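No experiment lies behind these values; they were computed from the predicted model shown.
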Amino acid sequence: MNEIVTERTNLFEPNVYVTVCVEIGGKVCPHKLSAAVKQALEANEAAMSKIVLKHGFAYYEKMPVSNGKIEIEKENKNWIALVQQNEKIPFAIDKGELVRVFIIPSEDKTQIMIMAHHLAGDGKSIIYFVKDIMNALSGTPLTYKPLTLLARNLPPKGLSAAAGLYARYCNYKWNNRFFTWQDYYDLHNKYWETVSSDIQYKTLSAQETQKIITSAKQIGCSVNSYIVTLFLQTYPNLRKVGIPVSIRQAKNEAMSNLTSGIYIKYRYDSRKTFAQNAMQVHKSITGKLKRHKVFVLQFLSKMPLTLIDAVLLHTYNSCNERLAKKTAKVMGYFGKNKKDLGISNLTVIDIPASYGNYKIDNIIFVPPAVSYSQNIIGVSTINGRLTFSYHDVMK
């Protein structure tokens, strides 16, 4: 059974959609592209699955056909408007709708907007899904990729004594209350009644991108550390920054959730140079990666899974359990543990840009505006150009 364990925070989260907009140069036959998307769905077990929720257990169950949605946009809507329209419609993950794909044709370019529930996979998963689409479009046969789940491969040790003690306390105290699909749909509809996504993005030129890369190299930090420092400098009130971390094995291109996360506490020090701040940020990030790379996943794997559901429901006033309230604060959904900013960097996108007669001009990555972070930034680089996206919700 492909049980949902470390991915459990995604089950009842109402704003958990990973969005990627792919821009292909020139006009592409939308029907040929639609057929390529269908092939890509069929090549990934995650996209061929539904989520089963039964007496507190949740798991993936493979279906004979994918219920992923494919739509050719005929009303000339831009892709952000499509996101704002579709986020208000709950994904029927209980029926296998984990992915929605919108093809937006025009004379000078073709856009593919992919909106995927996080249970379909992480940001890199959707990039590999794009690769499958482009290969199918150019006539390259696809290889079937089974689902990979993290809970089976976590290191047995590494969880701090305090975290382990709290997990044991929760297992002792939790009343094992479980929730239903009705709770899932009610929470989603309630959340999106009053809010909608605010999405903005900017693609830097090749020269601007190279300047960042060169500057980071001269300082002696990673490009990611440099970018985090830029945001800390620009917004001096920021202190706590969450950073998703890929723990995907080499050559694994399956649609799966293979991401952990760390966070750093750092306030930009105007008395120091940018380079000094960047090196301190880099030191903080590398230290956390060394010591706590899979901490959050180990913690989740030890917790009562229905309590994690209750945390999400409590966050939006749909569950009044005392332990859920306390655990929501511990996990950062409320209070001092909530992140000021999340920065999700796909780095240089590791798929080809060209596929036969077709070429990807740009990929815009928009991570979900999850509940444990005030704001989220997405970063992607392709064809030597870096794109930033900003994702928040507004009333």
Side-chain angles (χ1 to χ4, degrees), residues 3-13 16 118-119 121-125 148-174 222 224-225 228 238-249 252 256-266 280-312 315 323-324 326-347 367-368 370-374 376:
E3 187 180 0
I4 295 169
V5 179
T6 55
E7 305 86 358
R8 191 73 179 219
T9 54
N10 297 324
L11 183 60
F12 279 90
E13 169 68 70
V16 73
H118 217 324
L119 288 174
D122 52 26
K124 278 188 174 290
S125 295
T148 304
L149 296 178
L150 282 172
R152 299 171 181 169
N153 302 302
L154 289 175
K157 297 181 180 180
L159 192 64
S160 69
L165 187 63
Y166 187 78
R168 287 195 294 275
Y169 165 79
C170 288
N171 278 282
Y172 175 72
K173 285 287 187 178
W174 181 235
S222 69
N224 195 54
S225 297
V228 172
L238 295 178
R239 188 176 179 196
K240 185 172 286 191
V241 180
I243 304 169
V245 179
S246 176
I247 54 175
R248 184 179 290 266
Q249 296 291 322
N252 183 350
S256 302
N257 271 297
L258 301 172
T259 303
S260 184
I262 60 167
Y263 75 91
I264 63 166
K265 288 181 180 179
Y266 187 81
Q280 190 59 49
V281 167
H282 186 67
K283 183 179 178 181
S284 297
I285 291 174
T286 53
K288 278 291 185 79
L289 286 173
K290 185 176 181 180
R291 298 188 304 272
H292 303 298
K293 189 173 183 177
V294 295
F295 167 82
V296 66
L297 301 178
Q298 290 174 317
F299 179 68
L300 290 171
S301 70
K302 301 295 184 184
M303 291 288 287
L305 298 179
T306 53
L307 174 57
I308 297 172
D309 300 340
V311 164
L312 269 301
T315 299
L323 186 58
K326 182 176 182 178
T327 306
K329 290 181 178 179
V330 169
M331 293 176 64
Y333 287 87
F334 289 106
K336 64 180 182 179
N337 289 332
K338 188 163 184 171
K339 312 302 182 292
D340 298 320
L341 178 71
I343 298 181
S344 184
N345 188 355
L346 296 182
T347 65
V370 287
S371 303
Y372 48 81
S373 182
Q374 302 285 4
I376 189 79

Any chance you could measure Gln298, atom CD, to Ser160, atom OG, to the nearest 0.5 Å?
9.5 Å
Does any non-hydrogen side-chain atom of Leu341 lie less than 4.5 Å from one of Ile376?
no
On a heavy-atom basis, the closest approach of Ala328 and Thr315 is CB-OG1, 4.5 Å
Is any side-chain heavy atom of Tyr266 less than 4.5 Å from a side-chain heavy atom of Gln280?
yes
Check whether any side-chain N or O of Asp340 sits under 3.5 Å from a backbone N or O of Val241 as a donor-acceptor pair, and report yes or no.
no
Using 0.5 Å steps for rounding, measure from the CZ atom of Arg8 to the CG atom of Asn257.
14.0 Å
Between Asn171 (side chain only) and Met303 (backbone N and O only), is there a donor and an acceptor less than 3.5 Å apart?
no
Taking atom types as modelled and ignoring hydrogens, do the side chains of Thr327 and Tyr166 form a donor-acceptor contact shorter than 3.5 angstrom?
yes
Validation row: Tyr333, Thr9 side chains within 4.5 angstrom (heavy atoms):
yes
Identify the two heavy atoms, one from Ser225 and one from Val281, that lie closest to each other, and give their separation to 0.1 Å.
O-CG1, 3.9 Å
Nearest atoms (heavy-atom pairs only) where Lys240 meets Lys336
NZ-O, 3.0 Å
Less than 4.5 Å apart, side chain to side chain, heavy atoms only: is that true for Leu300 and Val5?
no
Could you tell me whether the side chain of Glu13 and the main chain of Leu11 form a donor-acceptor pair under 3.5 Å?
no
Check whether NZ of the Lys or CZ of the Arg Lys288 lies under 6.0 Å from the centre of the six-membered ring of Tyr263 and within 45 degrees of that ring's axis.
yes
Test item: Asn10 and Ile4 side chains (from C-beta on) under 4.5 Å apart, heavy atoms
no
Do Arg168 side-chain atoms and Tyr172 backbone N/O form a donor-acceptor pair below 3.5 Å?
no
Drop me the distance from Ile243's CD1 to Thr259's OG1, to the nearest 0.5 angstrom.
13.5 Å
Asn224 side-chain N/O to Ile343 backbone N/O, donor-acceptor pair under 3.5 Å
no
Taking Ser260 for its side chain and Lys293 for its backbone only, find out whether a donor-acceptor pair lies under 3.5 Å.
yes
Restricting to non-hydrogen atoms, name the atom on Ser246 and the atom on Lys124 that form the minimum distance, rounded to 0.1 Å.
OG-CD, 3.8 Å
Can you name the nearest heavy-atom pair linking Leu323 to Cys170, along with the distance?
CD2-O, 4.0 Å
Looking only at the side chains, is there a donor atom on one of Asp122 and Ser125 sitting less than 3.5 Å from an acceptor on the other?
yes
Around atom NZ of Lys329, are there more than 12 heavy atoms of other residues, nucleotides or ligands at under 6.0 Å?
no
Could you tell me whether a side-chain N or O of Ser373 sits under 3.5 Å from a main-chain N or O of Gly342, the two making a donor and an acceptor?
yes
Is a side-chain donor or acceptor of His282 paired with a backbone partner of Ile285 at a separation under 3.5 angstrom?
no
For a quick test of reading the model, state the closest non-hydrogen atom pair linking Ala310 to Trp174 and the distance between them.
CB-CH2, 3.7 Å
Could you measure the distance from the CD atom of Glu7 to the CG atom of Leu258? Nearest 0.5 Å is fine.
8.5 Å
Nearest-0.5 Å distance, CG of residue Leu149 to OG1 of residue Thr6
7.0 Å
Rounded at 0.5 Å granularity, tell me how far CG in Leu238 sits from CD in Gln374.
10.0 Å
